Amino acid sequence: MTTVKFNYLSDNNLTQERINWDLAIIGGGFRTTTFLASAPELLKYRITIVERGNVIGPGAFSDYTITTSSTGSSLFKALSYHGPFAVLRNNSKVTSVAKCQNPVRTEDLSAALLEVGTVISDKLGDTAIRLNSNVNKIKLDSDKGPVTLHMNGGDIIHARHVILATGRRERPHAELEAWRDKVMLSSSVISLSKRKLLENKLLSLGGRPIVIVGCSHSAMSALQILLEVTNQLERYHSEYRRPPIFVIQRSLARLMYENQEQARKEQVLGREQLFDPNRDICPDTGIVFRDSGLRHKSKELYCNLWSGKIPNAHIVRVKVIREAWDLLDSSGLVVQALGYKGEAPDILVSGKLVRPSSSNERLWADEDGAALIGGQRYENLSILRIEPTPPHRKDNSAYGKNLYRLLSSRLEHLLSQSIESEANL
């Protein structure tokens, strides 16, 4: 890796020689892996990836034991089999996911992502991959120009452009604070590494109820694991008493349907929110409740739960969480499934902290991924779908459909232009 002189002031106000990265990516999981695999032409640039795990590719999926909420083919729809990724064309772990028209096990997705990540790691080289590392701060001097990253170990990275691909995480919900000592996040419930902790909690309940707060995909995934684990405990521990499970639902569910005709035949009054043809249909596919509807295994679980087909499990309808106060008080375990928020380091502009890592505010981006901070567009910082779909884009839209293509095109233009300008200095 060559060192070049940047014509800007570094943190200690001196122009110094620094390793020049064209692109620094924070996060090396699903989004980074599938994005780079969709744009092999970008690999000609000097790219560094900072990943908090120990491999590039699987990200959080390596710790999940559930079924994906999307089909395998849709998860890998952007994958290109050109350049260094041509070797994946006959890779059975990749093609078994990429050709699957149904949801896939997260173990299989993780294995496929590891294969793609290995190609990326081999192409970029060891010096470009920083594993078991975190970025604490992102510093920008303006909406253009180099970006400085401060690492947890004290290292500093300078890059022409930075992509945030840090994913999402659950944060403790204020309305559950009164029961904090017995709250478990849904991401922990479905975690393989926390399975023993979950088993111990369930064994200690003594028949007290489990309450799942929320009725989203994450809630249904948690319900799936709870049913599996309680079945196992009942089988191997004769003294174990299966606890009742209550799912707290604050609004009618949205269930995904392939088209309007199917929705009209199958929607059930009282079970779900009935769709509005003027609001709830994807303009590209005709799918009803495309971005926000329960689908596949989650839809099946919810429908069975609603119709009473899951023994000892019930839906409790409330308008606000505090209406279930008595139930939460009597519970032995509360599972929080109230959504995820984008995760990011502190972001500073001209030395001023504009978004702390602790912020609950949404990280916004343009259609091509350019970050929007305080309403201003930043060409040197991109955000790669780390936030859930914005509320106003959940239905009757094709949110993020062209993000990879638009982002790679913009990066190609910006990076080639900056390199050419620097060469002419």
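Everything numeric in this text was worked out from a predicted model, so none of it was measured.
In this model, a donor atom of one side chain and an acceptor atom of the other lie less than 3.5 Å apart for Y302 and Q249. Looking only at atom types and distance, the side chain of S70 has no donor-acceptor partner in the side chain of T68 under 3.5 Å away. Side-chain contact of H161 with S382: a donor-acceptor pair under 3.5 Å is present, judged by distance alone. When only modelled atom types and interatomic distance are considered, H217 and S298 share a side-chain donor-acceptor pair under 3.5 Å. Checking E170 against S186 by side-chain atom types alone, a donor-acceptor pair falls below 3.5 Å. Residues Y45 and E412 have side chains that bring a donor and an acceptor to within less than 3.5 angstrom of each other.
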From CA spacing to verdict: salt bridge (charged side-chain N to carboxylate O under 4.0 Å, His left out), R254, D395
CA-CA 11 Å; R254 294 178 170 192; D395 300 298; 2.4 Å; yes

Report the C-alpha separation of D63 and R195 in whole Å, then their side-chain angles, then the decisive distance to 0.1 Å, and conclude whether the salt bridge (charged side-chain N to carboxylate O under 4.0 Å, His left out) test is met.
CA-CA 10 Å; D63 192 38; R195 185 55 46 83; over 6 Å; no

Between E261 and K265, is a salt bridge (charged side-chain N to carboxylate O under 4.0 Å, His left out) present by the stated rule, with each step listed?
CA-CA 6 Å; E261 181 182 2; K265 287 180 179 178; 3.4 Å; yes

Evaluation steps, salt bridge (charged side-chain N to carboxylate O under 4.0 Å, His left out), between K137 and D346:
CA-CA 5 Å; K137 296 178 185 177; D346 289 343; over 6 Å; no

Walk me through whether R242 and T230 qualify under side chain to side chain donor-acceptor pair (under 3.5 Å).
CA-CA 7 Å; R242 176 188 290 269; T230 52; 3.3 Å; yes

Quick one: do R52 and N152 satisfy side chain to side chain donor-acceptor pair (under 3.5 Å)? Show the steps, please.
CA-CA 10 Å; R52 62 188 167 193; N152 56 337; over 6 Å; no

What do the steps show when you test S358 against R171 for side chain to side chain donor-acceptor pair (under 3.5 Å), and what is the final call?
CA-CA 10 Å; S358 58; R171 302 186 182 194; 5.9 Å; no

Please evaluate residues D141 and S350 with respect to the criterion side chain to side chain donor-acceptor pair (under 3.5 Å), reporting the C-alpha separation (whole Å), side-chain torsions for both, the decisive distance (0.1 Å), and the verdict.
CA-CA 5 Å; D141 289 327; S350 299; 5.5 Å; no

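Put simply, the side chain of L109 does not reach to within 4.5 Å of the side chain of Y64, judged on heavy atoms. For the pair I138 and I26, the minimum side-chain heavy-atom distance is below 4.5 Å. In this structure, R264 and P277 have side chains that are in contact, with non-hydrogen atoms separated by less than 4.5 Å. Side-chain contact between N134 and V50 is absent, with no heavy-atom pair separated by less than 4.5 Å. Side-chain contact between L176 and L338 is present, with at least one heavy-atom pair separated by less than 4.5 Å. Side-chain contact between L363 and I347 is present, with heavy atoms from C-beta onward closer than 4.5 Å. Side-chain contact between R385 and L403: present, with at least one pair of heavy atoms (C-beta onward) separated by less than 4.5 Å. L203 places a side-chain heavy atom less than 4.5 Å from the side chain of H237.
A salt bridge is absent between K144 and E379; no separation between the charged side-chain nitrogens and carboxylate oxygens falls under 4.0 Å. Under a 4.0 Å N-O distance rule, the pair R130/D155 qualifies as a salt bridge.
Taking both residues in full, the closest heavy atoms of S216 and L294 are given as C-CD2, 3.6 Å, listed atom of the first, atom of the second, then distance. Closest approach of T71 and C100 over heavy atoms only: CB-O, 4.0 Å. Between I47 and A128, the shortest heavy-atom distance links the atoms O-CB, 3.2 Å. Pairing each heavy atom of E51 with each of G28, the nearest pair is OE1-N, 2.7 Å. The two residues A324 and I248 make their nearest non-hydrogen contact at CB-CD1, 3.7 Å. Taking each heavy atom of I383 and A365 in turn, the nearest pair found is CB-CB, 4.0 Å.
Using a distance-only test at 3.5 Å, with no hydrogens or angles considered, no donor-acceptor pair links the side chain of S331 to the main chain of V334. Side-chain N or O atoms of S121 include one that pairs as donor or acceptor with a backbone N or O of G117 at under 3.5 Å. In terms of modelled atom types and a separation under 3.5 Å, the side chain of S73 and the main chain of K99 share no donor-acceptor contact. A donor-acceptor pair under 3.5 Å links the side-chain atoms of N231 to the main chain of L227, judged by distance alone. Judged by distance alone, with hydrogens and angles left aside, the side-chain atoms of S409 form no donor-acceptor pair with the main-chain N or O of R405 at under 3.5 Å. The closest donor-acceptor contact from the side chain of S133 to the backbone of L131 lies under 3.5 Å.
Counting heavy atoms of neighbouring residues, nucleotides and ligands inside a 6.0 Å radius, atom CG of D126 does not exceed 12 of them. R355 CZ: more than 12 foreign heavy atoms inside a 6.0 Å radius. Heavy-atom contacts from other residues, nucleotides or ligands closer than 6.0 Å to CZ of R241 number 12 or fewer. In this structure, K309 places its NZ atom where only 12 or fewer heavy-atom neighbours from other residues, nucleotides or ligands lie under 6.0 Å away. Counting non-hydrogen atoms of other residues, nucleotides and ligands closer than 6.0 Å to NZ of K93 gives a total of 12 or fewer.
The line from CD1 of I25 to OG1 of T32 is 5.0 Å long, rounded to the nearest 0.5 Å. With values rounded to the nearest 0.5 angstrom, Q224 atom CD is found 5.0 Å from E228 atom CD.
A cation-pi geometry, defined here as NZ or CZ lying under 6.0 Å from the six-membered ring centre and within 45° of its normal, does not hold between R322 and W325.
Checked against L79 for a side-chain contact (heavy atoms from CB on, under 4.5 Å), the options T34, V94, V97, T95 give a single hit: V94. Put simply, the residue from M256, Q260, Q262 that forms a side-chain contact (heavy atoms from CB on, under 4.5 Å) with I287 is M256.
Listed by first and then second residue, the salt bridge (charged side-chain N to carboxylate O under 4.0 Å, His left out) pairs involving residues 275-303 are D284-K401 (not counting sequence neighbours).
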